[in-house]
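One structure below.
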There are 2 protein chains.
Amino acid sequence: MEKEVEIIKAHGLRKTPVRVDILKYFSSKGYALSQPEIEDHFKKDFDRVTIYRTLHTYMECGILHKVPSEDGLTRYALCQHEHVHSEPHAHEHIHFSCTDCGKTTCIDSEPVPQVHLPKGFKAEETSLFVKGTCDKCAG
Amino acid sequence: MEKEVEIIKAHGLRKTPVRVDILKYFSSKGYALSQPEIEDHFKKDFDRVTIYRTLHTYMECGILHKVPSEDGLTRYALCQHEHVHSEPHAHEHIHFSCTDCGKTTCIDSEPVPQVHLPKGFKAEETSLFVKGTCDKCAG
DNA sequence: CAAAAAAAGCAACAATGTTGCATTAATATC
DNA sequence: GATATTAATGCAACATTGTTGCTTTTTTTG
Ligand SMILES: [Mn+2]
Ligand SMILES: [Mn+2]
Ligand SMILES: [Zn+2]
Ligand SMILES: [Zn+2]
């Protein structure tokens, strides 16, 4: 079975064209995609609402997660797990946004550093957003 | 001269009712405010577009900055400077979102830790978003 | 106070988010 | 493989937010 179909099935979802295609699109791109990017790419094939609901479903399942951004555009990125969950889970990884190519990527290889907070504050989840130049744009 | 008026003047802006009121509102609240919160509070007094443009102006001047959030709601927070700038500037501070009271606050007292990135990536600006329990909700 | 410049208000439209519901497609079962 | 069951899609419709142009009003300057 295809990787994408496997993921869909593993979450108890039905295999449908939108779902397979959107998942493939994410895999092929490898960086965070904004709602307009996704919509524009698929609008000839699928309804706007269907795309919206697919993203929603994928979020709930933990297949995608939202990537915060300063520009107000919601972005989505694939969750990288070795194991497939059916439950959503925490995402403690770095989000990197390249000021040159504009692409936002998830960096799982480096740990999120421990944060020291003022007295009384208790951290549960930390997310780190870094702007700069990515490896492909360097040099 | 009032503190709010002083800030407005220092940025070469004209003193108008919306500007003073919105600035006072931010000061009184002390945490990040979403666009709907601000709009709802002032809609009886000012036009939606005027509020929108005021926030926009304050962002450009560096009086307010955007606070990223996972819920998709844009939030704005006062920039804390000892000195008053006329230029926008970088904001390297922690944003803390309390899962209990829902309030998002800027934490300037603690440093943003150094992040280690994979080879080829160069960090220019780091922003840290922490979810957890705030000092007021602890205990 | 008058002139000049800037901001506010209003209308209008674009983009995105969101729901209900009838139709269609995907799976389970025979 | 046909059929029943259940879920997903498409479409219409509406809500919210973002954004612009332009006219009127307000603020500042002299
Ligand atoms: Mn993940
Ligand atoms: Mn600041
Ligand atoms: Zn890049
Ligand atoms: Zn709290």
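Convention: sequence-line order gives letters A, B, ...; per-chain numbering from 1.
Distance, A:Ile51 CD1 to C:dT18 C1': 15 Å, rounded to whole Å. With rounding to whole Å, A:Leu55 atom CG is found 14 Å from C:dT18 atom C1'. Taking atom CZ of residue B:Phe46 and atom P of nucleotide C:dC10, one finds them 13 Å apart after rounding to whole Å. Rounded to whole Å, atom C1' of D:dT17 lies 8 Å from atom CD of B:Glu39. Residue B:Ile38 contributes atom CD1, which lies 14 Å from atom C1' of D:dG18 at whole-angstrom precision. Residue A:Tyr76 contributes atom OH, which lies 10 Å from atom C1' of C:dT16 at whole-angstrom precision. Distance, B:Met59 CE to D:dT19 C1': 15 Å, rounded to whole Å. Rounded to whole Å, the distance from NZ on B:Lys15 to C1' on C:dA8 is 16 Å.
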**Report entry** Residue pair B:Glu110, A:Val115: steps toward the side-chain contact (heavy atoms from CB on, under 4.5 Å) verdict
**Finding:** CA-CA 8 Å; B:Glu110 306 292 331; A:Val115 201; 5.9 Å; no
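Closest approach to the B:Pro36 side chain among D:dT17, D:dG10, C:dA7 is made by D:dT17 (side chain taken as heavy atoms from C-beta onward). Comparing D:dT19, D:dG10, D:dT9 against the side chain of A:Thr16 picks out D:dT9 as the nearest. Closest to the side chain of B:Arg14, from the set C:dT27, D:dT20, C:dA7, is C:dA7. Closest to the side chain of A:Gln35, from the set C:dA7, C:dT16, D:dT28, is C:dT16. For B:Thr74, whose side chain is taken as the heavy atoms from C-beta onward, the closest listed nucleotide among D:dT17, D:dG10, D:dG18 is D:dG18. Residue B:Val49 places its side chain closer to C:dC10 than to any other of C:dC10, D:dC11, C:dT18.
Residue B:Lys9 places at least one side-chain N or O closer than 4.0 Å to OP1 or OP2 of D:dT28. Put simply, A:Tyr52 has no side-chain N or O that comes within less than 4.0 Å of OP1 or OP2 on C:dT16.
For the residue pair A:Ile94 and B:His116, the shortest heavy atom distance occurs at CD1-O, 4.2 Å. Taking every heavy atom of both residues into account, A:Val67 and A:Ala32 meet most closely at CG2-CB, 4.0 Å.
Looking at heavy-atom distances under 4.0 Å, A:Arg53 makes contact with a base.
Taking 4.0 Å as the cut-off between side-chain N and carboxylate O, A:Lys29 and A:Glu37 do not count as a salt-bridged pair.
Counting heavy atoms from C-beta on, the side chains of A:Glu92 and A:Glu125 come closer than 4.5 Å.
The base of C:dT18 sits with one of its N or O atoms less than 3.5 Å from a complementary donor or acceptor on the side chain of A:Arg48.
Heavy-atom nearest nucleotides on DNA chain D were determined for A:Thr57 and for B:Pro17, and the one closer to the 5' end corresponds to A:Thr57.
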